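Order of the sequence lines sets the chain letters (A, B, ...), proteins ahead of strands, with each chain counted from 1. Remember, predicted model here, so these are calculated numbers, not experimental data. Only this structure's heavy atoms are used, side chains among them; waters, hydrogens and symmetry mates stay out.
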There are 2 protein chains.
Amino acid sequence: MPGSGKSIIVEVAKERGYDIVVMGDAIREEAERRRLEPNPENLGKIMLELRRSEGKAVIAKRCFPKIEEKTKSKVIVDGVRSLSEVEEFKKNFPKLSFIAVHSSPETRFSRVYRRRRSDDSENWEVFRERDMRELSVGLGDAIAMAEYIIMNEEKLEAVKEKVREILRRIEEKWMR
Amino acid sequence: MPGSGKSIIVEVAKERGYDIVVMGDAIREEAERRRLEPNPENLGKIMLELRRSEGKAVIAKRCFPKIEEKTKSKVIVDGVRSLSEVEEFKKNFPKLSFIAVHSSPETRFSRVYRRRRSDDSENWEVFRERDMRELSVGLGDAIAMAEYIIMNEEKLEAVKEKVREILRRIEEKWMR
């Protein structure tokens, strides 16, 4: 969910030698191809249009070549938003593990506010609407079906340690 | 989600002196009123019918008198399944805190299988269908918006300690 702080997983994964694929990049590339400014409005529209014309898992599919061309043995994909995407990834990468990051709405709101990026919310109602938009594409269903949920409420170092432990566990499973 | 082991929260809450209200009891009472056997099929039908005729938060509303008549100062409600219910409760009990319990689908499946109650699933497909039914009423959205998510994968005592800590934190907030 917005403001849950999923970048903390990406950071730890980088430290552990993972390659990173950001799902949003597939949409940004489509914006570039269409010579549209990559602002949140255009990106949102492109995403909806792609999902309509090429199916719910379109962004996942566009990430396959990005994953294949990575050279490291471990890859993390940032930005899964629905069960359709999870299933699409699992079909092609059966060893996939699926991690969600969770913070309370209150914590997420205060983070989004302090951050104040151009696409961050101006107030609670806007924030709430954005939450509902994310849920409407199926993000809640994906979170409920995650293999791991990391609570990101504590101090940064404690959360990072939890992420490390989970990545270790996943890597051990890969080795078996 | 089915098999996530939410009863662990109820157990710890009982130890800490909470009164318990089980949302499913409201449906079982309706079955009794209608002189129907309280099997999963009838209970499922009654729930859908009540939601259609009295709105998505009908079961939450039917729990209000049950909560009011409790004598202890702390009450836990077991069985919230959608954001509409959360909002309904919050309107009437603004100090409400909202806890979700999470386990991986794999863990939940093995638990549901070992338990083998009459309404437990016979195989993965049936289990998966039941998951999707729960998500279709909005359970995933509720989980994504929870204030706390407790991962129930570790040893029982470790999870119980996490629950105790969260209940302590919630009670501290109530005191303020």
My understanding is that only residues two or more places apart in sequence, or in another chain, count here; which of them pass side chain to side chain donor-acceptor pair (under 3.5 Å) with A:Arg34? A:Glu30, A:Glu49

Can you tell me if A:Lys56 has over 12 outside heavy atoms packed within less than 6.0 Å of its NZ? no

Let me know if A:Met145 has heavy atoms under 4.5 Å from chain B in its side chain, its backbone, both or neither. both

Could you see if A:Ile170 belongs to whatever hydrophobic cluster contains A:Val10? Use Ile, Leu, Val, Met, Phe, Trp, Tyr and a side-chain cutoff under 4.5 Å. yes

If the contact rule is any heavy atom under 4.5 Å from chain A, which residues of residues 148-160 of chain B qualify, in numerical order? B:Tyr148, B:Ile149, B:Met151, B:Glu153

Same cluster or not: A:Ile9 versus A:Ile20, using hydrophobic residues (I, L, V, M, F, W, Y) connected whenever any side-chain heavy atoms lie under 4.5 Å apart? yes

A:Ala144 and B:Leu135: which non-hydrogen atoms are nearest, and at how many Å? CB-CD2, 3.8 Å

Report whether B:Met1 and B:Met132 are members of the same hydrophobic cluster (ILVMFWY, side-chain heavy atoms less than 4.5 Å apart, transitive linking). yes

Indicate the atoms forming the closest heavy-atom contact of A:Pro105 with B:Ala146, along with that distance. CD-O, 3.5 Å

Taking every non-hydrogen pair under 4.5 Å, which of B:Leu139, B:Asp131, B:Thr107 racks up the most with chain A? B:Asp131

For residues 80-102 of chain B, give me every residue with a non-hydrogen atom less than 4.5 Å from any non-hydrogen atom of chain A. B:Leu83, B:Glu87, B:His102

Linking I/L/V/M/F/W/Y whenever any side-chain heavy atoms sit under 4.5 Å apart, do B:Val163 and B:Val22 land together? yes

Side-chain heavy atoms nearer than 4.5 Å, only ILVMFWY residues, links allowed to pass through others: does that put B:Leu43 and B:Val21 together? yes

What I'd like to find out is whether the side chain of A:Asp141 reaches to under 4.5 Å of the side chain of B:Asp141, using heavy atoms alone. yes

Would you find more than 12 non-hydrogen atoms of other residues, nucleotides or ligands less than 6.0 Å from B:Glu32 atom CD? no

Around atom CD of B:Glu106, are there more than 12 heavy atoms from other residues, nucleotides or ligands closer than 6.0 Å? no

Neighbourhood of chain B inside residues 66-77 of chain A, taking heavy atoms under 4.5 Å as contact: none

If you draw a 6.0 Å radius around CD in A:Glu41, do more than 12 non-hydrogen atoms from other residues or ligands fall strictly inside? no

